[in-house]
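Here is the structure we will look at, set down as structure tokens.
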Amino acid sequence: MIATLRRTMLFAPGNNPALIKDPQIYGPDSIIFDLEDSVSPAEKDAARLLVFCAMKSLDYGRIEKAVRVNGMDTPWIRDDVEAMVRAGADLIRLPKAECARDLVALEAMVEAAEVACGRPVGEVRLMAALEGPLAVLNAYEIATSTRRLVGIALSAEDFVTSMKTSRSADGVELFEARGRIVLAARAAGVMAIDTVFTDLSDEEGLLREARLIKQMGFDGKSVINPAQIPIVNGVFEPTADEVRKARRVVAAAAEAEARGVGVISLDGKMIDKPIVERAARVLDLARASGAKVGEEER
Amino acid sequence: MDILKPAVAGTLESCDAAVTVEPRPAGSLPLLELVVESSEGRFAAKVGVAARAALAELGVTRAKVTVRDRSALDCTIRARVLAACLRGAEPACGAEPVAKAAAPWEALK
């Protein structure tokens, strides 16, 4: 499926059968089968086959099936792409994307695989992980590189190493990168996905970071453990008051459209298009959180 | 597909299976010997079926194959058998060079 929400993208090491057999039970919006950093060079072939066979035979329900393939400069990328497109991946996430050329080259590989296996051309979406300073500086170029690209993601561990610093509790070292990525994503009309939070014992820290990136405008966060999913999803879950207001805005917009009225008003105030779009997104998030937002609740 | 050298894939971790393939000397019978050791004995036959299906996919008809199962799903058995066979089909060091055994993705369903 093609996700409209990516609040949480859960990484699962591609060569670990226990971790790839039922990630859907934890409720992430996307599962990212990892063929890259979590798999040693000697096991790349086995991981690729394991993810291929799992995707071919297991039912992951409505969760988006994404795969983090190996980088464009590795000997594994072609096999990764061919196998994952044939296996039915919804999205290919490219690590260490540096410039638009990387995504254009990846798209050519994906398209060739789609044609070879009979999938509709354009069905497989792309996401780019930005892991170095050049990538962050090229964020807009990458975000607009191909129509298949649905999002750009920050990968902070490599980024801070390149920047000769390390990760801190307040994330000051990531402000510039996060700001540029979310700005580029919004300008390009694609999603912005934040980096993983690696301290599994620090739930407060994760909550703080999730609130920060939501406020900055990110669409979601990569996570590395199922226990992180409810925390991050909870941050993106609208409050009952937000849902109530959003329902009224969307209803007012629908009524104005039905009456052929150009100006939308609610409680005597004019409602413009960005407010309607924000309200629609609030309702999308509420639905994803399991809330009923239909007519019957008005 | 010919198994040219011993090879292993998978692990003995829970939900996984360790699969070993070995060449069979010419003239030895049976041509294909499959040994299954399962942590859940009652599933050994099912593991054997999954392993044989994977061997058939690659056309492996002469080898000794050992599957040590740790409650793996069928798709994991399949993946580990495929990986072990493809590794075993690569030429041994110093042997006559032949094409590297790439996964035949177009043939795998």
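Here is the naming used below: chain letters follow the sequence lines, and residue numbers restart at 1 for every chain. Atoms considered below: every heavy atom in the structure, side chains included; atoms not considered: hydrogens, waters and symmetry mates. Note that the coordinates shown come from a computational prediction; the quantities given were computed from them, not determined experimentally.
- The 12-atom threshold is exceeded at CZ of A:R167, counting heavy atoms of other residues, nucleotides or ligands nearer than 6.0 Å.
- For a residue to count as touching a neighbouring chain, one of its non-hydrogen atoms must lie under 4.5 Å from one of that chain's; by this rule B:T76 touches chain A with backbone and side chain alike.
- Both the backbone and the side chain of B:L82 come within contact range of chain A, with heavy atoms under 4.5 Å apart.
- By the 6.0 Å contact criterion, CG on A:D202 is enclosed, its count of non-hydrogen atoms from other residues, nucleotides or ligands being greater than 12.
- Residues B:K109 and A:F52 come closest through the heavy atom pair O-CE2, 4.4 Å.
- For A:K56, the NZ atom sits in a packed shell: over 12 heavy atoms of surrounding residues, nucleotides or ligands are nearer than 6.0 Å.
- With respect to chain B, the highest number of heavy-atom pairs below 4.5 Å among A:S57, A:A46, A:A87, A:C117 belongs to A:A46.
- Looking at heavy atoms from C-beta onward, B:W105 lies out of side-chain contact with A:M84 at the 4.5 angstrom threshold.
- Considering all non-hydrogen atoms of both residues, B:S14 and A:A18 come closest at O-CB, 4.0 Å.
- Counting non-hydrogen atoms of neighbouring residues, nucleotides and ligands closer than 6.0 angstrom, the CD atom of B:E33 exceeds 12 such neighbours.
- A:L50 CG to B:L73 CG: the interatomic distance, rounded to the nearest 0.5 Å, is 9.5 Å.
- The 12-atom threshold is not exceeded at CD of A:E204, counting heavy atoms of other residues, nucleotides or ligands nearer than 6.0 Å.
- Contact detail for A:C53 and B:C75: the closest heavy-atom pair is CB-O, 3.4 Å.
- Within the 4.5 Å cutoff, no side-chain heavy atoms of A:L49 are placed close to those of B:R80.
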